[in-house]
Amino acid sequence: MKYVLVTGGVVSGLGKGVTASSIGVILKACGLRVTSIKIDPYLNTDAGTMSPFEHGEVFVLDDGGEVDLDLGNYERFLDIKLTRDNNITTGKIYQSVIDKERRGDYLGKTVQVVPHITDAIQDWIERVAMIPVDGKEGPADVCVIELGGTIGDIESMPFIEALGQFSYRVGPGNFCLIHVSLVPVLNVVGEQKTKPTQHSVRGLRGLGLTPNILACRSTKVLEENVKAKLAQFCHIPAENIVTLHDVPNIWHIPLLLRDQKAHEAILKELNLLGHLLCGYVDIATSGPTISASIFNLSICSVARKPALELWTARTKVCDMLHDPVRIAMVGKYTGLSDSYLSVLKTHQNSTPELKTKIRFFLLSFLCFPVAFEDKLNQNYPSQLNLYALLHASVACHRKLIVEWVAAGDLEDATAIEAPDVYKAAWDLLKGADGVLVPGGFGDRGVQGKILAAKYARENKVPFLGICLGMQIAVIEFARSVLGMCDTNSTEFDPETSHPCVVFMPEGSKTHMGATMRLGSRRTYFKVPDCKSAKLYGNASFVDERHRHRYEVNPDMVSQLENAGLSFVGRDETGRRMEIVELPSHPYFIGVQFHPEFKSRPGKPSAVFLGLIGAACGHLEAVLKYGHASKLLTKGLSNGKPMVKIHQNGNLKPSNGSLNGVYSNGNGVHY
């Protein structure tokens, strides 16, 4: 096993996650199998109980692990499926060590940070690196490890010590350290300054780690004299110093690394240039004679020139999209970039004609052209939803324009308190080609979401509700169509006389961590010719990831269906509602699961694709071709090609703004 460690210096949020993912992409393009590990030095066991305002959106894995968003980057870039153990936290390490101590595994030893914590970290890395994540048998060839935080952070010290020891444990030729640092340009002098990076590398060396490759974040390409200065003072060959400058969208980052031959530098450090001979030697000794024979000899990997043709083509398509479609995303977190991001990526996968340009500044995604102050103001949408939208938009060749609508601004109270804000919010909603209500928790903005669902239903506007968004659609239907004016979710009104949405019986009301219905669950289609089944390629079932505590009340299902609503997808028991449709509507779908978690570049989520297709007026073409390979050759209209739609369908865009982040009033444009 070979290991690539990615660390960060100077400031946090430099884009280590995208850098680590992009390194994985080029290594995979070289013919190597790649896995990833993210180390988060915080004391939490996982990210499940963190507020999105505190740590950003939670990413959910197939096994139910609630992890850092960077693992979503790894899955999207590398098209792999990780496990909860691929996210290491201080809480997990200390918990495992304390559990061993309580069992008496240390035989009376004094348990200390060194060696017990550091050994536990190293053992964890070695164990998880051997887990296959690409659907093939046997371990990967390379494990890319990202160390969260910044060099010098006190909470990451045990991990740095462990990784220093680990580099000696695995031996020379099996460990490569890539340090991501900042080379700022001061506006006063307009000069690239190397001193912050020099100090960062010096601090890293002082902690026992020596970088092999330097990845420098800057607004523009490093000047040759700057690169020479860094090589001299950081003791790194100039050819091992690469620039990660501002680009139109983050799909350009692997191409940047390839063009600067970063893959050659990495492969050289890992002794992977050329063919790898895998096998073992059996030595038999009989008296004075020693004979050796080689068994199981094979070429396990071939380090070749990166094959990134498809990646390059998708990146160019993303840059050139211009035909627009507008999606209104209605939620309470629409002012925070890290709390609603999944949906935008799915749309990029759903329609190659919808290039989405979003107004959010995410250093973690190399979105630097937007003002740094905006990052501090936290005026951003959900990352996962944004990713999903982006994927769908690229798949349909559409330029996606996302209008962020704060749900509370649609409510009657706002009309009284701030009529201008109320009018602006409704203008955005009414000007959209489609409406998306993502998941969430709490009662703030719920009434506004209900009003948005009602508007979409009554005016035949394409609608997609995710998790809470699906529950909102059901509540609105029960109130407006069945006349149950007081119906509600017990999450918002525990005493409601008509509980349309209820707490799941297996849930816990006393413990918050890992007590929701989490991970991949199977949904069976009960109506074979429904839109959802067609979008999933006429499948009889679909596996999607979940994260919820409440569900549609099964005792009210028959009453709702008699009124015209159709619960087309259910779990294996038939009592848990997973997908709801309104057959009389052009496109009105709600899903209890989170399809954005499995969206991929070139593999958009089916229901996101349907939303974009309906918003563009191309739903029939999308339903006709489903996720069959015909989509590779058949077009939506006017000769516009579509890409293959996958059952389980992730990056970003540009034009003067990194990641193609654009702002136009309240609209986010890709």
**Message:** Closer than 4.0 angstrom, basic N to acidic O: yes or no for R547 and E66?
**Reply:** yes
**Check: S156 side chain, F159 main-chain N or O, donor-acceptor pair, under 3.5 Å** = no
**Asked** Is the shortest distance from a Lys or Arg side-chain nitrogen in D141 or R33 to a carboxylate oxygen in the other one below 4.0 Å?
**Response** no
**Prompt:** If only atom types and distance count, is the side chain of N87 paired as donor or acceptor with the main-chain N or O of K38 below 3.5 Å?
**Reply:** yes
**Message:** Using only atom types and a distance under 3.5 Å, with no angle test, would you say the side chain of E544 pairs donor to acceptor with the backbone of S520?
**Reply:** no
**Message:** Please report the interatomic distance CD1(I88) to CG(D68), rounded to the nearest 0.5 Å.
**Reply:** 12.5 Å
**Prompt:** Can you say whether the rings of F77 and W311 are parallel (under 30°), tilted (30 to 60°) or perpendicular (over 60°)?
**Reply:** tilted
**Request:** Check whether any side-chain heavy atom of L209 lies under 4.5 Å from a side-chain heavy atom of P211, and answer yes or no.
**Result:** no
**Item:** P254 to I26 - nearest heavy-atom pair and separation
**Value:** O-CG2, 3.4 Å
**Request:** Not counting sequence neighbours, which residues clear side-chain contact (heavy atoms from CB on, under 4.5 Å) with S200? List them please.
**Result:** V10, H179, S181
**Request:** Kindly assign one of parallel, tilted or perpendicular to the pair F166 and F175, based on the angle between their ring planes and the thresholds 30° and 60°.
**Result:** perpendicular
**Request:** Mark yes or no for whether D40, through its side chain, and Y42, through its backbone, hold a donor-acceptor pair below 3.5 Å.
**Result:** no
**Request:** Quick one: pull up CG in L273 and NE2 in H263 and give me the separation to the nearest 0.5 Å.
**Result:** 9.0 Å
**Request:** Please round to the nearest 0.5 Å and tell me the distance separating atom CD1 of I121 and atom CD1 of I39.
**Result:** 7.0 Å
**Message:** Donor-acceptor pair, distance only, cut-off 3.5 Å: does the side chain of S218 make one with the backbone of V183?
**Reply:** yes
**Item:** F597 side, atom CZ; I466 side, atom CD1 - distance, nearest 0.5 Å
**Value:** 9.5 Å
**Request:** For T90 and P41, indicate whether the former's side chain and the latter's backbone hold a donor-acceptor pair under 3.5 Å.
**Result:** yes
**Asked** Is it true that the side chains of E126 and Y3 contain a donor and an acceptor less than 3.5 Å apart?
**Response** no
**Request:** Report yes or no: do R517 and H548 form a side-chain donor-acceptor pair below 3.5 Å?
**Result:** yes
**Request:** Give a yes or no answer on whether the side chain of T197 reaches the backbone of L182 with a donor-acceptor pair at less than 3.5 Å.
**Result:** yes
**Prompt:** Do the charged groups of D123 and R169 touch, with an N to O distance under 4.0 Å?
**Reply:** yes
**Item:** Heavy-atom closest contact (G602 atom, R314 atom, distance)
**Value:** N-NE, 3.6 Å
**Prompt:** Any luck finding a side-chain donor-acceptor pair between T83 and N86 under 3.5 Å?
**Reply:** yes
**Request:** Show the numbers, then the answer: is there a side-chain contact (heavy atoms from CB on, under 4.5 Å) between V60 and M516?
**Result:** CA-CA 11 Å; V60 178; M516 287 188 275; over 6 Å; no
**Distance-only polar pair, side chains of Y74 and E146, donor-acceptor under 3.5 Å** = yes
**Item:** salt bridge (Lys or Arg N to Asp or Glu O under 4.0 Å) against R522, all qualifying residues, sequence neighbours excluded
**Value:** D543
**Asked** Roughly how far, to the nearest 0.5 Å, is the CD1 atom of I213 from the CG atom of L5?
**Response** 11.5 Å
**Prompt:** What is the distance from atom CD of Q122 to atom CD of E161, rounded to the nearest 0.5 Å?
**Reply:** 8.5 Å
**Prompt:** So among L163, V6, I37, which one has a side chain to side chain contact (heavy atoms under 4.5 Å, CB included) with L147?
**Reply:** L163
**Asked** Quick one: does T118's side chain have a donor or acceptor within less than 3.5 Å of a partner on V114's backbone?
**Response** no
**Item:** Check: N212 main-chain N/O paired with N240 side-chain donor or acceptor under 3.5 Å
**Value:** yes
**Asked** Step by step, would you call T7 with K16 a side-chain contact (heavy atoms from CB on, under 4.5 Å)?
**Response** CA-CA 7 Å; T7 61; K16 295 188 302 297; 5.5 Å; no
**Message:** Tell me whether R84 is salt-bridged to D46, with the criterion being a basic N under 4.0 Å from an acidic carboxylate O.
**Reply:** no
**Prompt:** Just by distance, do the side chain of D153 and the backbone of T150 share a donor-acceptor pair under 3.5 Å?
**Reply:** yes
